[in-house]
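Report on the structure given below.
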There are 2 protein chains.
Amino acid sequence: MVTTVMVRSAKVHPMSSLGVRSTKQRTAVAAALAELDDFRSTQEIHEYLKDRGDSVGLTTVYRTLQALSAAGDVDVILREDGESVYRVCSTSHHHHLVCRQCGHTVEVEGPAVERWADSVSAANGFTSVSHTLEIFGLCSNCSH
Amino acid sequence: MVTTVMVRSAKVHPMSSLGVRSTKQRTAVAAALAELDDFRSTQEIHEYLKDRGDSVGLTTVYRTLQALSAAGDVDVILREDGESVYRVCSTSHHHHLVCRQCGHTVEVEGPAVERWADSVSAANGFTSVSHTLEIFGLCSNCSH
DNA sequence: TCTGAAATTGACAGTCATTTTCATTTAGCC
DNA sequence: GGCTAAATGAAAATGACTGTCAATTTCAGA
Ligand SMILES: [Mn+2]
Ligand SMILES: [Mn+2]
Ligand SMILES: [Zn+2]
Ligand SMILES: [Zn+2]
């Protein structure tokens, strides 16, 4: 659950006092993410907020979701059609099982996969590695 | 190296004789892919062909690359920005180790990972699953 | 070699997610 | 309350990709 939006020191340098502000829009986006369980696109979250009465400009929803994912507060993955979808996740390293039809998401862990990725990277002389791993399919509900 | 573009039986039914034809455009796209070693976008391949003198319409390059990847003759992955990039790969199922600096790509296989993906999918009742797995890092050349 | 039906091409317009612009509003510090 | 940088959001722009369709090309059969 995410209650605070964007965490960063309010002051970086006495000369220019920069700060991230708490707004009703950011609170609304964070609340929507907390209520929604599955990966959702920016447009879906925007629509959700509109239906809910907490209308937020589409541009602001885009900006807020991007800031949240940059801060590591939400997970973002690319759907198979290339669209970005967001979800509040656990903080530990994990991957996802995502339903192509309804978006239903299950977090999965695979220590063996992590070790494999590290060893194959090392064997090929790669450093500073990171990886993406997502499984798409039809959840039991959507499998008919 | 890809020399033939699109393989399919020329006749599926005597009523409607369907067939995939060999054209200079498809040959040119296949040749470009054979010459290029790393993942490239449709626009990059279109530009490459133009510079090379074998200009092919952008729409045709899009169609040809999509047909090639649908046929399994080339690999396609989504870049971080959601753009599709293509590359000639081996025919067996594999994944990639991609240098985020120079684009250098190494094909890797991980039977254990495949089994893990299948079992975790089945355990959660997912069907029709597919997965994406890419490792990004710095190749030995780019690691300083 | 000739012919014609079906496949292909490509210029152009359309779609749609995402970004940019910028005038207006707002949060937070005094 | 006043001030100012941060934030908002409506509207326009961007850019990857798709749809359309008239013109062109392939190739199987005559
Ligand atoms: Mn992992
Ligand atoms: Mn695999
Ligand atoms: Zn589902
Ligand atoms: Zn490199």
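In what follows, chains are A, B, ... by sequence order, proteins preceding strands, each numbered from 1. Side-chain atoms are counted along with the backbone in the values below, which use heavy atoms only and exclude waters and symmetry mates.
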Query - Rounded distance (Å) that lies between atom C1' of C/dA17 and atom CG of A/Leu78 - result: 12 Å
Report task. Check whether any side-chain N or O of A/Arg63 sits under 4.0 Å from OP1 or OP2 of C/dT18, and answer yes or no. Result -> no
Requested in this report: Ignoring backbone atoms, test whether A/Arg21 places a side-chain nitrogen or oxygen under 4.0 Å from the OP1 or OP2 oxygen of C/dT26.
Outcome: no
Query raised in the report: Can a side chain N or O of A/Gln25 be found less than 4.0 Å away from OP1 or OP2 on D/dA7?
Result: no
Query raised in the report: Between C/dT9 atom P and B/Tyr62 atom OH, what is the distance in whole Å?
Result: 16 Å
**Report entry** Phosphate-side-chain proximity, A/Gln43 and C/dC16, N/O vs OP1/OP2 below 4.0 Å
**Finding:** no
Requested in this report: May I ask you to say what B/Thr59 touches in the nucleic acid, namely base, sugar-phosphate or nothing, with a heavy-atom cut-off under 4.0 Å?
Outcome: base
Query raised in the report: If only side-chain N and O atoms of A/Arg79 are considered, is one of them under 4.0 Å from the OP1 or OP2 phosphate oxygen of C/dA17?
Result: no
Query raised in the report: Touch check for B/Ser84, heavy atoms < 4.0 angstrom, all strands: base, sugar-phosphate only, or nothing?
Result: sugar-phosphate
Requested in this report: To the nearest Å, give me how far apart CZ (B/Arg26) and P (C/dA7) are.
Outcome: 11 Å
Requested in this report: Determine: side-chain N/O of B/Thr23 to OP1/OP2 of C/dA7, distance under 4.0 Å, yes or no.
Outcome: no
Query raised in the report: Heavy atoms, side chains only, cut-off 4.5 Å: are A/Glu134 and A/Glu80 in contact?
Result: no
Report summary line: B/Ile45 CD1 to D/dA16 P, in whole Å, measures 14 Å
Report task. Decide whether A/Ser130 and B/Arg100 meet the rule of one side-chain donor and one side-chain acceptor closer than 3.5 Å. Result -> yes
Query raised in the report: Is a side-chain donor-acceptor pair under 3.5 Å present for B/Thr64 with B/Gln25?
Result: no
Requested in this report: Quickly work out the A/Gln66 CD to C/dT18 P distance and round it to whole Å.
Outcome: 8 Å
Query raised in the report: C/dT18 P sits how many Å from A/His46 NE2, rounded?
Result: 13 Å
**Report entry** Atom pair distance, as rounded to whole Å: CD in A/Glu44 and P in C/dC16
**Finding:** 15 Å
Query raised in the report: Does a side-chain heavy-atom distance below 4.5 Å link A/Ile135 with B/Phe126?
Result: no
Query - Check ion pair A/Arg40-A/Glu35 (N to O, under 4.0 angstrom) - result: no
Requested in this report: By nearest nucleotide on DNA chain D, pick out whichever of B/Leu58 and B/Lys24 is the more 5' one.
Outcome: B/Leu58
Report task. Measure the distance from CD on B/Glu83 to C1' on C/dT18 and round it to the nearest whole Å. Result -> 13 Å
